[in-house]
Protein chains: 2
Amino acid sequence: MSNGVTTQTLTEVVADHLRRLIHLGEVGPGDRLPAERELAEQLGIARLSLREALKTLQNDGYVEVRRGARGGTYVTELEAPVARWRARMRTVSGEFDDIIDFRIGLETETARLAAARRTPEDLAAMRTTIDDLTVAHDRTAFRLADSRFHASLARAARSSRLCAAVESTRAELFNTHDLLPFIDPVQESVDDHEVVFRAVEKGDVDAAAAAMRDHIEHTRTQLRAIVFATDPPSPDAPGATTVS
Amino acid sequence: MSNGVTTQTLTEVVADHLRRLIHLGEVGPGDRLPAERELAEQLGIARLSLREALKTLQNDGYVEVRRGARGGTYVTELEAPVARWRARMRTVSGEFDDIIDFRIGLETETARLAAARRTPEDLAAMRTTIDDLTVAHDRTAFRLADSRFHASLARAARSSRLCAAVESTRAELFNTHDLLPFIDPVQESVDDHEVVFRAVEKGDVDAAAAAMRDHIEHTRTQLRAIVFATDPPSPDAPGATTVS
DNA sequence: GTGCAAGGTACAGACCTTGTACCTTTGTAG
DNA sequence: CTACAAAGGTACAAGGTCTGTACCTTGCAC
């Protein structure tokens with residue numbers, strides 16, 4: 001009738017959770033995570049379970065752990081994970097476009113609903129994230145503001161499922177700005193967000209959906225150029241099957 | 001920084017898996033599941049784990065278990081789960097529209113991509129499911145054909161994420177045809193599918209998306225009437241907090 | 001060089017999952 | 001009406017996972 005089912009271990013769940021926070025930019029390179037005991041309590045798990053998850057992230061090159069006073073768990077520059085992600089996008093056929101197509105489905109509808117349902121408070125929240133985006137002076141700040149913009153849009157759409165799915169899907173992509181030196185794509189991206197915002201503000205559902213589609217297609221183009229560049233900035237994997 | 005994380009037990013995962021098969025119509029009222037030993041092997045789990053999951057489904061009124069020769073696990077008429085689902089949709093504010101909105105986002109994009117990418121084989125597969133739909137003579141057959149239509153569309157869209165998400169979301173709704181005696185909504189539904197199919201066949205992406213949107217809005221209307229009817233066909237729960 | 005705030009390690013108890021063996025119920029063939 | 005076979009029902013021991021608790025080690029700051 002059907003095939004296998006399995007459970008994840010707590011360690012895996014926690015590792016995924018933390019990885020997602022990093023991918024979404026909630027914590028970025030150089031940041032320190034809370035102390036183990038504290039974080040374990042926040043997550044409602046035993047310290048050992050957390051430690052195992054951190055071990056995984058350490059092996060994957062997401063964090064490094066230092067002992068002693070001023071010790072703790074610090075997010076790395078993410079070179080290794082980015083290289084592995086890039087190798088995977090090149091290797092696994094269709095994966096890249098699959099994610100982008102999915103995002104388009106989710107986010108165009110989100111934009112549409114947001115345009116129909118947004119309150120003045122929603123608009124204010126979105127405005128703030130766009131302002132943050134404009135003044136962002138480094139990758140981490142930019143990425144975080146970007147995530148927050150899409151999240152505030154999803155909140156304005158009043159759809160918890162869209163909200164959750166948008167976030168999950170964003171977490172599957174490293175943001176452009178982790179892959180490139182912090183340069184020109186930025187202005188285009190800021191403009192895109194502005195266009196979406198204006199349409200949502202006006203309450204023009206079709207324009208909002210169209211603007212969002214354009215924005216994500218721009219992202220597709222940018223990312224594709226980086227992922228499939230023949231001149232690779234790859235610090236690690238050659239092109240082989242480093243896929244986990 | 002964030003809140004709790006947990007794992008599911010195998011029992012929960014298996015129960016969800018089986019519940020989903022029932023919701024999707026892969027097995028319907030009166031059907032018998034494979035014998036415990038056999039099913040456990042298919043799923044790659046111990047018999048005890050499966051038994052615990054079946055116990056859950058039994059308590060929830062999805063299946064009944066009979067002993068002896070000709071014994072086994074049989075899917076019920078689903079009255080209790082449907083009543084509980086209905087109570088929940090009435091009670092949890094916004095849940096109902098949340099699910100429908102999400103479906104619209106997923107399935108309009110699916111239709112759009114399917115129209116752009118479908119091969120002759122895809123069209124043939126879709127045609128088959130529509131034919132099944134037309135000649136379906138009972139709830140179960142209808143529901144299964146309906147699920148299959150949407151699945152074949154998602155396959156034509158060549159997007160594994162959309163495919164998976166469409167299926168998951170469909171599993172969150174009991175199909176209309178479990179909620180009503182088998183009557184008039186059917187013809188409208190068949191026509192809707194036909195319209196979507198024609199647009200996909202023609203390769204008209206906008207028409208396909210629009211047709212799908214209309215179809216799901218029709219479903220919303222139908223379902224809403226049933227869920228929020230003041231004259232309840234409720235065989236079980238009054239209207240109270242039977243929500244699990 | 002002492003204090004202290006981290007991470008590192010160890011261990012026992014509770015719970016989950018598995019594999020295996022055996023018992024009970026019940027329809028039906030002979 | 002008896003015996004068989006095909007199901008579910010029960011029991012148990014071994015191994016894995018998660019938790020709580022206690023204690024050790026490292027290395028910065030004063």
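Here the structure is a predicted model, which means the values were calculated and not measured. Here is the naming used below: chain letters follow the sequence lines, and residue numbers restart at 1 for every chain. Basis for what follows: all heavy atoms, side chains included, without hydrogens, waters or symmetry-related copies.
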*Drop me the distance from R170(A)'s CZ to H23(A)'s NE2, to the nearest 0.5 angstrom.*
12.5 Å

*dG7(C) base / R66(A) side chain donor-acceptor hit below 3.5 Å*: no

*Could you tell me whether R161(B) and E95(A) have a side-chain N and a carboxylate O separated by less than 4.0 Å?*
yes

*Does the dT26(C) base have a donor-acceptor partner in the side chain of R67(B) within less than 3.5 Å?*
no

*Candidates dG8(D), dT9(C), dC16(C) - which lies nearest the side chain of T9(B)*: dC16(C)

*Between atom OH in Y74(B) and atom C1' in dG8(D), what is the gap in whole Å?*
12 Å

_CZ on R220(A) to CG on L173(A), rounded to 0.5 Å_ = 11.0 Å

*asked:* Strictly below 4.0 Å: does R70(B) bring a side-chain N or O up to OP1 or OP2 of dA6(D)?
replied: no

*Give the rounded distance in Å between these two atoms: CD of Q8(A) and P of dC18(D).*
11 Å

*Which residue lies toward the 5' end of DNA chain D, T11(A) or L54(B), if each is placed at its nearest nucleotide?*
L54(B)

*Measure from CG on L48(B) to C1' on dA14(D) and round the result to the nearest Å.*
14 Å

_Between V65(B) and I45(A), which residue's closest nucleotide on DNA chain D lies nearer the 5′ terminus?_
V65(B)

*So, the side chain of D101(B) versus the backbone of D98(B): is there a donor-acceptor pair under 3.5 Å, distance only?*
no

*asked:* Taking the minimum atom-to-atom distance to the side chain of E36(B), which one of dG9(D), dT17(C), dC18(D) wins?
replied: dG9(D)

*If you find the nucleotide of DNA chain C closest to A69(A) and the one closest to Q58(A), which residue's nucleotide is nearer the 5' end?*
A69(A)

_Presence of donor-acceptor pair under 3.5 Å, side chain of R37(B) and base of dG19(C)_ = no

*Looking only at heavy atoms, which two atoms of A40(B) and R47(B) are closest? And how far apart?*
CB-CA, 3.9 Å

*Between the side-chain atoms of R47(B) and the base atoms of dG9(D), is any donor-acceptor pair under 3.5 Å?*
yes

_Rounded to whole Å, how long is the line connecting atom CD of E52(A) with atom C1' of dA10(C)?_
14 Å

*asked:* As a test of reading the structure: which of dG7(C), dA6(C), dC16(C) is closest to the side chain of R32(A), going by heavy atoms?
replied: dA6(C)

